[in-house]
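What follows is one structure encoded as structure tokens, with my remarks underneath.
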Amino acid sequence: MVVPSLKLQDLIEEIRGAKTQAQEREVIQKECAHIRASFRDGDPVHRHRQLAKLLYVHMLGYPAHFGQMECLKLIASSRFTDKRVGYLGAMLLLDESDLSQGIQPVQGLALCTLSTMGSAEMCRDLAPEVEKLLLQPSPYVRKKAILTAVHMIRKVPELSSVFLPPCAQLLHERHHGILLGTITLITELCERSPAALRHFRKVVPQLVHILRTLVTMGYSTEHSISGVSDPFLQVQILRLLRILGRNHEESSETMNDLLAQVATNTDTSRNAGNAVLFETVLTIMDIRSAAGLRVLAVNILGRFLLNSDRNIRYVALTSLLRLVQSDHSAVQRHRPTVVECLRETDASLSRRALELSLALVNSSNVRAMMQELQAFLESCPPDLRADCASGILLAAERFAPTKRWHIDTILHVLTTAGTHVRDDAVANLTQLIGGAQELHAYSVRRLYNALAEDISQQPLVQVAAWCIGEYGDLLLAGNCEEIEPLQVDEEEVLALLEKVLQSHMSLPATRGYALTALMKLSTRLCGDNNRIRQVVSIYGSCLDVELQQRAVEYDTLFRKYDHMRAAILEKMPLVERDGPQADEEAKESKEAAQLSEAAPVPTEPQASQLLDLLDLLDGASGDVQHPPHLDPSPGGALVHLLDLPCVPPPPAPIPDLKVFEREGVQLNLSFIRPPENPALLLITITATNFSEGDVTHFICQAAVPKSLQLQLQAPSGNTVPARGGLPITQLFRILNPNKAPLRLKLRLTYDHFHQSVQEIFEVNNLPVESWQ
Amino acid sequence: MPAGCPPHSTTASLPQHGDRGFPFAAAAAAGQAPPRPRPAAAMQFMLLFSRQGKLRLQKWYVPLSDKEKKKITRELVQTVLARKPKMCSFLEWRDLKIVYKRYASLYFCCAIEDQDNELITLEIIHRYVELLDKYFGSVCELDIIFNFEKAYFILDEFLLGGEVQETSKKNVLKAIEQADLLQEPRHEYFNVPVY
């Protein structure tokens, strides 16, 4: 089109300039042709101008239907000029002719357009027209008008009041299309307004009647699908009943019989029947239905699970998942079928089955379910592995019948799907094992075996390394009734840990675990520690800063603080779930009744002698806590260091204190207050001997005021050789939750220069920081 | 009409007032769904596409910008085409349920809301296919490509605003016949009377 389009004013002038009707018509015809061509070409720039001209022409009385589409395009444009003309056109063109005066098909078209994309303004303007059409005789137009009304209400909720009154009358219609539309309209009204909901509750009997007629009457071929009368209408009625019956006893009661009837009479051989049945089930579950009806519904779903049609099984699994909280026992009855569904090839089905299975685990079926779930874990698609693994672990935690079963389960999960477990699985497992005293030997053995087979699954390796480090002595002791006796060589254990350290598959965290485990073994194993020392010193120059730091610290431990090594590397107490540290106050655990072999606490025999000591303190009476209340082993700040990848900040150092000196024998106290546990005070006493004679049979006892708790660890020895020989060290743990002033009384007995020495004294000048 | 030209919906998207954006419309909670405050259309859209991913029909019952529509179409087509033949007809996508079924070389794909009945949606799809079949006489993809507007007309007689308007096959086909008769012999796309 080369001819430039006329401006609106030009056209108007031209038309007005026409002398006769015929001339005018000619002008307009020509212009309309241009406009039509322009519309077809989709010229956006002049579109508004074209439409404006068209509207003018339309005003003069000439037909302009072909401009209707353009109105919409203009409205959609972002330019204000376009929108303005577009809306004008829409109002003029759509409003006037088609809706009220057009022939039925045209009315239908207009309604269709209005319902699909009518804007709020359009809906408001045209609502009266639509309302009129609702009552027209022709069902063709009426049904469309009703659904258009639905759309209008969605767009402009205030129009609900306009369309509410006709509903009652429309419900009496026989035409299925009208009924369907009416029910949809009522549904929409009820979902939007509680008042409408109450209003329509009174039509429940009528709805029940309609549905019953549908179901019981022989089917009309026109509306039915595979023997089910008008399933679309049935489903829609059921939905409305659901909304009306929700939380309303009376309505629910009215529906009970009908729902049972539909549930039992519907032919389920084809999808249509199942669709109706499904909707019935949803309705039953959502209203206040009788218990028997609910069970019926769950059973229907159970039957669905056995259906050969995959879609039906999917729908059943989804619904059962929704119901498992509210109707747990009913769903439990179908547990075997659900578990069968785990074997589905379709991933979306097996995922649903997995979720449902996990929800169905309870204390009575946990063993059987776990077996199934673990079998599933081995064969399931990779994207479900993580969920399955964490689901199993969670369920195991909640319902584990025995600790051993629990450990076994976790072990199995770690070996099968180790890479998919969550990060805290390692922490959980170590805590679990730590807490199960009687299973230490068993656990460490199994973990050792698992590790020996495969060092690639990181969580497993970490846990195994930790265990071997902690309970290495049990591993070597060789006897455990639960599994076959295994002769493990010290060298083998060390070799395995070294292998882990060197493997390229090991993550830095794993290496950390392995290094620490090696270190701990230095006290657990009986052989010499040269091999361990070698490894440790190698890692002192490792590129990984974390490992390097540890290695250097351990090395130092070997070289300078060897006397403390045993104390520091002793067994970990039970770790609190939330905090990663040894929390003395929370140790109500009765498992601590047995003491671990490696740390005998000889406070029993000392207790009686201490009582004398305590009498000497003001207001004192027995306040050494007996070991059964506390866990046997130390956990100082340094032990944390060894077990966790992150390094806690070093505690502010408290100066050492020399408390005793006699003939070259000295006693020093050093204090440590771990920052994580402000109530705890660790005192290490060091007895040194610079005299010419050995000190033998050295025993140190202590007493503290009543409000404090004291625990004595085993001393490193009883003998201090002469001339600066290896000192004796002993660790005291003092709990001071109330921050009471610290007082300490010591009693020393030893032999020196063939004489028995006994000294009792109170320590003066205790630094304030030790108890504040 | 060239086969490769994608048919556009007869509807343009209009800026709407007070609408929540789709698909960010609040999804009903899983489990006992409380009555939703403002549900959008039951069926949100229907797409027909070939096995090569070519769009043959798109009917949108929610207002969306063109860009959004394209994005949704692209993603959904990819997702559905990636499904293996033995898998079930339902899948969860964003916060909607997608019901799809393959008939010969065409995928019919509907998006419904969380509380809608998937099985009846399968029936809706099947009914639509039956209507097309009856109208075109043993319909195939080519019929839909070359007569896409007829496919839309038939759909518009069966569904309105995302809801089923007529459950009788006979009535729907009768209405289409009547409308066809009204179509003037001039093969203009816009029915314009002669002046």
Side-chain angles (χ1 to χ4, degrees), chain A residues 25 29 36 63 65-66 69 72-73 75-76 103 105 108 111-113 115-117 119-120 140 143-144 147-148 150-151 154-155 176-177 180-181 184 191-192 222-223 225 230-233 235 243 246 271-272 274-275 278-279 282 286 310-315 322 325-326 345-349, chain B residues 10-19 30-33 35-42 59-61 63 84 86-92 115 117-124 126-127 156-157 160-171 175 178-179 182 188-193 195:
Chain A
R25 238 198 322 258
Q29 199 175 348
R36 247 179 289 140
H65 304 283
F66 60 92
M69 274 310 141
L72 308 173
K73 287 194 202 157
I75 293 177
I103 50 173
L111 283 170
C112 177
T113 311
S115 75
T116 313
M117 23 139 285
S119 67
Y140 175 78
K143 73 184 186 208
K144 290 187 192 275
L147 286 176
T148 310
V150 172
H151 170 85
R154 286 181 183 147
K155 277 278 175 305
H176 283 228
L180 188 54
T184 315
E191 275 183 327
R192 284 177 183 270
E222 196 180 323
H223 293 282
I225 302 181
D230 207 337
F232 301 113
L233 184 56
V235 164
I243 295 173
R246 206 181 263 151
N271 185 52
N274 285 322
F278 180 48
E279 196 70 35
L282 290 179
D286 224 9
R310 211 169 298 118
N311 295 327
I312 309 247
R313 291 205 293 275
Y314 178 87
V315 149
R322 292 221 291 252
Q325 302 299 331
S326 49
T345 42
D346 181 349
S348 39
L349 275 173
Chain B
T10 51
T11 67
S13 59
L14 301 176
Q16 301 292 358
H17 298 265
D19 270 343
Q32 298 277 311
R36 290 188 43 160
R38 289 188 47 189
K59 187 77 185 177
W60 301 84
Y61 292 109
K84 297 201 261 311
K86 281 300 172 81
M87 298 178 96
C88 71
S89 293
F90 313 126
L91 64 104
E92 314 229 306
Q115 78 262 34
N117 184 337
E118 294 98 321
L119 297 178
I120 205 75
T121 312
L122 273 178
E123 288 300 320
I124 292 179
H126 190 73
R127 174 55 68 88
D156 286 341
E157 286 299 327
L160 196 68
E163 311 276 355
V164 176
Q165 63 174 290
E166 181 58 68
T167 53
S168 156
K169 242 192 308 194
K170 199 174 72 177
N171 286 352
Q178 286 183 343
L182 285 175
E188 295 247 16
Y189 180 62
F190 298 104
N191 283 343
V192 178
Y195 8 10

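Chain identifiers are assigned alphabetically (A, B, ...) following the order of the sequence lines, protein sequences preceding nucleic acid strands; residue numbering begins at 1 within each chain.
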Student check: side-chain heavy atoms of A:Tyr140 and B:Gln178 closer than 4.5 Å: no
Spacing of B:Glu163 atom CD and A:Thr184 atom OG1 [to the nearest 0.5 Å]: 5.0 Å
Nearest atoms (heavy-atom pairs only) where B:Gly161 meets A:Arg154: O-NH1, 3.6 Å
Straight-line distance of A:Asn271 CG to B:Ser89 OG, nearest 0.5 Å: 9.0 Å
Inter-residue atom distance A:Ile312.CD1 - B:Leu119.CG, 0.5 Å rounding: 5.0 Å
Among the listed options A:Gly181, A:Ala272, A:Pro231, the residue most often paired with chain B at heavy-atom distances under 4.5 Å: A:Ala272
B:Val164 versus A:Leu180, closest heavy-atom pair with distance: O-CD2, 3.3 Å
Partner set under side chain to side chain donor-acceptor pair (under 3.5 Å) for B:Thr167, not counting sequence neighbours: A:His223, A:Asp230
Rounded distance [0.5 Å steps], NZ in A:Lys143 versus CD in B:Glu157: 6.0 Å
Side chain to side chain, A:Arg310 and B:Met87, heavy atoms closer than 4.5 Å: no
Leading residue by heavy atom contact count with chain A [cutoff under 4.5 Å; candidates B:His126, B:Glu166, B:Glu123]: B:Glu123
Donor-acceptor contact below 3.5 Å, side chain B:Asn117 vs main chain A:Phe278: no
Donor-acceptor side-chain pairing of A:Asn311 and B:Glu118 below 3.5 angstrom: no
